[in-house]
Amino acid sequence: MFKDNNKLYNYLPNNVFLTRIGQLDIPFDRTWKRIGVNLSGGADSALLMYLLCKIIIDNKLDTKIDVITYQRCWETRPWQGHISRKVYMWFLNNFAGIISKRHTAYIPPELEHGVIGPIVNGRSGDQIIVGSFNRFAAWEHKFDAIFNATSMNFDDGRSDRMKNRDKEATAGNLLDVWTPNKGVDTIFVLPFKFVKKDWIVAQYHIQKITDLYNLTRSCEGDINHHDIVKAACNSFKDYTEGMYIPTCGQCWWCEERAWAEARVQKTITEILNEL
């Protein structure tokens, strides 16, 4: 399933080991003492965080994890901050000995991909901010590595997808998934770079953590553009934590999640048949 992806790790340093989970290799360095993980409140980043906690425990490593969360769309999707905190608290409650601080950064709504699209080399404003802040956080907090759960597009053909996520592992190289940054002495790791959402959703079932999955939210439906959302919360001033906000069912992220959920049993079978 991930032969081309896993081959990218053939030339890692000797102190880095690989953990194979559901046919996917995830790299980790035994010497790391403190790492950062981008945790958004979505399914991709929450699963990656869980797998990293599991790797640390299974290998009896003395590694702590700091969470990096980006506060975004505060006026049109004010619930996002609350959801990301709930996901963080789930990890704090389940992995108290591993989880450390939570750092937040702000992304202006005007620079979101959905507002202005790609602006520099196929990257949107929010992607540029995430990359830049990760590098700053790596230097400021002396992280040995920062993990990002960016995943690959599913085959939908929609024009509003992030096209820089279309790349296949066959066209990839080690720097796509493991990027040393000598300027800040930090490794940037993207183990889901060539992984689609169906594998990610299937892992929640295989790992028996669907309670965590149900806390996550991928929908980018907002107050300004989706009637079903606006009917539930007319303004950011009306939102209170815990208020039920229906998903829009129209955005790219809703379509991707529905596609993955419809394939759960098939994907689980494919994963287990390769074990």
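As the structure is a prediction and not an experimental result, all values here were calculated from the model.
Judged purely by atom type and a 3.5 angstrom limit, Thr76 has no side-chain atom pairing as donor or acceptor with the backbone of Asn224. A donor-acceptor pair is defined here as one N or O able to donate and one able to accept, closer than 3.5 Å; no such pair exists between the side chain of Arg72 and the backbone of Pro108.
Remark: Asn214 pairs with no residue by the side-chain hydrogen bond (donor to acceptor under 3.5 Å, both in side chains) rule, at least two apart or across chains. The ring pair (Phe, Tyr, Trp, His ring centres under 6.0 Å) check on Phe192 picks up Trp199, with sequence neighbours excluded. Listed by chain and residue number, nothing satisfies the ring pair (Phe, Tyr, Trp, His ring centres under 6.0 Å) test with Phe188 (two or more places apart in sequence, or in another chain). Under the side-chain hydrogen bond (donor to acceptor under 3.5 Å, both in side chains) criterion, Thr63 pairs with no residue, sequence neighbours left out. Partners of Glu241 by salt bridge (charged side-chain N to carboxylate O under 4.0 Å, His left out), not counting sequence neighbours, listed by chain and number: Arg85. In terms of the side chain to side chain contact (heavy atoms under 4.5 Å, CB included) criterion, residue partners of Ile187 (sequence neighbours excluded) are, by chain and number, Trp32, Ala145, Trp178, Pro180, Val189. The ring pair (Phe, Tyr, Trp, His ring centres under 6.0 Å) test applied to Trp139 returns no partner, not counting sequence neighbours. In terms of the side chain to side chain contact (heavy atoms under 4.5 Å, CB included) criterion, residue partners of His141 (sequence neighbours excluded) are, by chain and number, Arg34, His103, Ala137, Phe143. When the side-chain hydrogen bond (donor to acceptor under 3.5 Å, both in side chains) test is applied to Tyr239, no partner is found at least two apart in sequence or on another chain. When the side-chain hydrogen bond (donor to acceptor under 3.5 Å, both in side chains) test is applied to Tyr106, the partners found at least two apart in sequence or on another chain are Trp74. Qualifying ring pair (Phe, Tyr, Trp, His ring centres under 6.0 Å) partners for Phe136, counting only residues two or more places apart in sequence or in other chains: Phe133.
Closest approach of His226 to Cys248, counting heavy atoms only: CD2-CB, 3.6 Å. Closest approach of Ile35 and Leu52 over heavy atoms only: CD1-CD1, 4.4 Å. The heavy-atom pair separating Val184 from Arg135 by the smallest distance is CG1-O, 3.8 Å.
Asp144 and Lys33 are not joined by a salt bridge, as no carboxylate oxygen comes within less than 4.0 angstrom of a charged side-chain nitrogen. The pair Lys7-Asp4 meets the salt-bridge criterion, since a charged nitrogen lies less than 4.0 angstrom from a carboxylate oxygen. With respect to the salt-bridge test (charged N to carboxylate O, under 4.0 angstrom), the residues Arg102 and Asp66 do not qualify. Using a cut-off of 4.0 Å between Lys/Arg side-chain N and Asp/Glu carboxylate O, Asp185 and Lys142 are scored as not salt-bridged.
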Output a table of donor-acceptor pairs, distance under 3.5 Å, between side-chain atoms of residues 88-95 and any protein atom two or more places apart or on a different chain; print 'none' if there are none.
{"from": "Tyr88", "atom 1": "OH", "to": "Ser100", "atom 2": "O", "distance (Å)": "2.9"}
{"from": "Trp90", "atom 1": "NE1", "to": "Asp211", "atom 2": "OD2", "distance (Å)": "3.1"}
{"from": "Asn93", "atom 1": "ND2", "to": "Met89", "atom 2": "O", "distance (Å)": "3.1"}
{"from": "Asn94", "atom 1": "ND2", "to": "Trp90", "atom 2": "O", "distance (Å)": "2.7"}

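Counting heavy atoms from C-beta on, the side chains of Ile245 and Val229 come closer than 4.5 Å. At a threshold of 4.5 Å between non-hydrogen side-chain atoms, the residues Leu24 and Asn6 count as touching. Looking only at side-chain heavy atoms (C-beta outward), Ser218 and Arg257 come within less than 4.5 Å of each other. A heavy-atom distance below 4.5 Å is found between the side chains of Asn148 and Val130. At least one side-chain heavy atom of Lys54 sits under 4.5 Å from a side-chain heavy atom of Gln207. For the pair Lys3/Thr170, no side-chain contact is recorded, criterion being any heavy-atom separation below 4.5 Å from C-beta on. Ser124 is listed as a side-chain neighbour of Gln127, based on a closest heavy-atom distance under 4.5 Å. The side-chain heavy atoms of Lys196 and Ser151, taken from C-beta on, include no pair separated by under 4.5 Å.
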Check your understanding: Are Trp79 and Arg217 close enough, and set up right, to give a side-chain contact (heavy atoms from CB on, under 4.5 Å), and what steps lead you there?
Key -> CA-CA 10 Å; Trp79 44 86; Arg217 184 181 175 98; 3.5 Å; yes
Exercise for review: Run the numbers on Val67 and Val37 for side-chain contact (heavy atoms from CB on, under 4.5 Å), then give the verdict.
Suggested key: CA-CA 5 Å; Val67 164; Val37 178; 5.5 Å; no
Review point. After noting the C-alpha distance and the side-chain angles of Glu261 and Tyr213, does the key distance pass the side-chain hydrogen bond (donor to acceptor under 3.5 Å, both in side chains) rule?
Key: CA-CA 11 Å; Glu261 289 175 349; Tyr213 180 71; 2.6 Å; yes
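Residues Ile57 and Phe28 fall within the same hydrophobic cluster, defined by Ile, Leu, Val, Met, Phe, Trp and Tyr side chains chained together at heavy-atom separations under 4.5 Å.
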